[in-house]
2 protein chains.
Amino acid sequence: MPSKRRIEPRRRPLQARSQATVEAVLQATAYILVRDGYARLTTNRIAERAGVNIASLYQFFPNKEAIVVELERRHGERTDAAMMAALARPRGPDLESTLRALVGAYMAAQTIDPALQRVFAEEVPRLRGRRSASAGERCAVEVTAFLAASGVTSPRLELAGWMLATVCRSVVYHGVLERSTDACSGALVDEMVAMLSRWLRAAPSASAA
Amino acid sequence: MPSKRRIEPRRRPLQARSQATVEAVLQATAYILVRDGYARLTTNRIAERAGVNIASLYQFFPNKEAIVVELERRHGERTDAAMMAALARPRGPDLESTLRALVGAYMAAQTIDPALQRVFAEEVPRLRGRRSASAGERCAVEVTAFLAASGVTSPRLELAGWMLATVCRSVVYHGVLERSTDACSGALVDEMVAMLSRWLRAAPSASAA
DNA sequence: TGACGATGCAAGTGTTTGCTTATATTTTTA
DNA sequence: TAAAAATATAAGCAAACACTTGCATCGTCA
């Protein structure tokens, strides 16, 4: 039963020919995932769409799962880079500027390929256990540290940090897919920053009432 | 190819015997979904786990999809009822009480069967197009109306309403699964209410800066 | 009680799918 | 340039899968 063990390629593409094959396979996989969903993704269809023979595909990927894992890895690389770039831009030292940079970073990452992102988030079963900590989670930790350093203290600071990351990720994710107008116009980011800064301005956890 | 068309049972369970069969099938489906995930859900395994013959299963469900749809329908009924009950409890007329009731309603719904809820949200492919509008979305609309009636006005009121619903759903959903301690202690609800009420207290959309 | 519809079941069927084998062709290397 | 390594491909295998057939048994009601 445990036939799906390895993820490493059984052969590394050395020549340009085989590199083109690998690229074609990954591109075809993304195409089918976005258009038809994970349930309709088969290795035979991938090979057909990519214009390569099914056996060639299995020269470079040990099994179907490995193809999706590699595609997800590359997608993660791109979104991480987008987040880092957005966070690296110069900005003011105040809370609101920091929050705007944070939300903007999530937005930049989410805007790269929303359709593919949606497939990974909603359809593709969890592969290889949980996914590695993404840039989003890492920078939420950073922002929590920033909050603490800003004099914002609370017994629930850690919970507030988790909520901050969750709200950013969820709202931006759904916003790009369901409220594209607001996402493009900047209204979504503005409203997010307004909400988060009002929440965190005083202290993140004076609690209710 | 379009073999998966009907959802209605091909025969209605009339005797107690067959009703027990249907219940066993649904219960087994939930069990397998939670334990092994949608990818490992097969009709043969359902029948085996339910202790009924595979042909008996197909007497009352036209196909595999119909079983999952029915299970999801029942789960939706339960969560909707939990939300409605939570919202029907008497409460103060102010914004914070309203928000607390709203967040509490999402929490009540999410607490019913978080594991099954997670499977439906993350693993089960979208069945029969989009899901019917849940109680969550309906009551977010209500709350938006409440905001408007409370004198809170904004050109972005509709966006704020969408954000309100999205934040509630996402944070409660992930919170129950990943922060069960905070969810049980009430800290999660408190922090949510603090965030939302500070955001909405003045006006939902003075925007940032 | 007996006839008939409702239900249960053993044993399949045809198809899809992930993946392999055996062989041919191209590119690199010595 | 010839051997060796890398890459491509046609054809197909075994397993898993959703679903069916044909018949036996049970429950109900005349």
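Order of the sequence lines fixes the chain letters, A, B, ..., with proteins taken first and strands second; residue numbering starts at 1 for each chain.
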Any B:Asn44 side-chain N or O less than 4.0 Å from OP1/OP2 of D:dA16: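 Result: no.
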
OP1 or OP2 of D:dA18 under 4.0 Å from side-chain N/O of B:Thr43: yes

Sugar-phosphate only, base, or nothing, as touched by B:Leu41 at under 4.0 Å among non-hydrogen atoms: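 The answer is sugar-phosphate, as B:Leu41 gets under 4.0 Å only of primed atoms, P, OP1 or OP2.
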
Pairing of B:Glu123 and B:Arg40 as salt bridge, 4.0 angstrom limit: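 No.
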
Taking atom [atom2] of [N] as reference, at what distance in whole Å does atom [atom1] of [X] sit?
X       : N      : atom1 : atom2 : result
B:Ile46 : D:dC17 : CD1   : C1'   : 12 Å
B:Arg40 : D:dA16 : CZ    : C1'   : 13 Å
A:Tyr58 : D:dT7  : OH    : P     : 19 Å
B:Glu65 : D:dC19 : CD    : C1'   : 15 Å
B:Ile67 : D:dC19 : CD1   : P     : 8 Å
B:Phe61 : D:dA18 : CZ    : C1'   : 15 Å
B:Leu57 : D:dT20 : CG    : P     : 11 Å
A:Ile54 : C:dT16 : CD1   : P     : 16 Å

Candidate nucleotides D:dT9, D:dC19, D:dT21, ranked by approach to the side chain of B:Ala55 - the nearest: D:dT21

Out of D:dC19, D:dA10, C:dT7, whichever nucleotide has its closest atom nearest the side chain of B:Gln59: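 Output: C:dT7.
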
Rounded at 0.5 Å granularity, tell me how far [atom1] in [X] sits from [atom2] in [Y].
X        : Y        : atom1 : atom2 : value
B:Leu188 : B:Met107 : CG    : CE    : 4.5 Å
B:Asn53  : B:Glu48  : CG    : CD    : 11.5 Å
B:Leu164 : B:Leu159 : CG    : CG    : 11.0 Å
A:Ile46  : A:Ile67  : CD1   : CD1   : 4.0 Å
A:Leu116 : A:Arg74  : CG    : CZ    : 12.5 Å
B:Arg100 : B:Ser97  : CZ    : OG    : 8.0 Å

CD (B:Gln27) with more than 12 external heavy atoms under 6.0 Å: no

A:Thr79 side chain to A:Gly76 backbone, donor-acceptor under 3.5 Å: yes

5′-ward residue of the pair A:Arg45/A:Asn53 relative to DNA chain C: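 Of the two residues, A:Arg45 wins.
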
Residue mapping more 5' on DNA chain D - nearest nucleotide basis, A:Val52 or B:Thr42: A:Val52

All N/O pairs under 3.5 Å across the protein-nucleotides 26-30 of chain C interface:
none

Under the salt bridge (Lys or Arg N to Asp or Glu O under 4.0 Å) test, residues paired with A:Arg45 that sit two or more places apart: A:Asp36

DNA chain D contacts made by residues 18-27 of chain A, counting heavy atoms under 4.0 Å: A:Ser18, A:Thr21

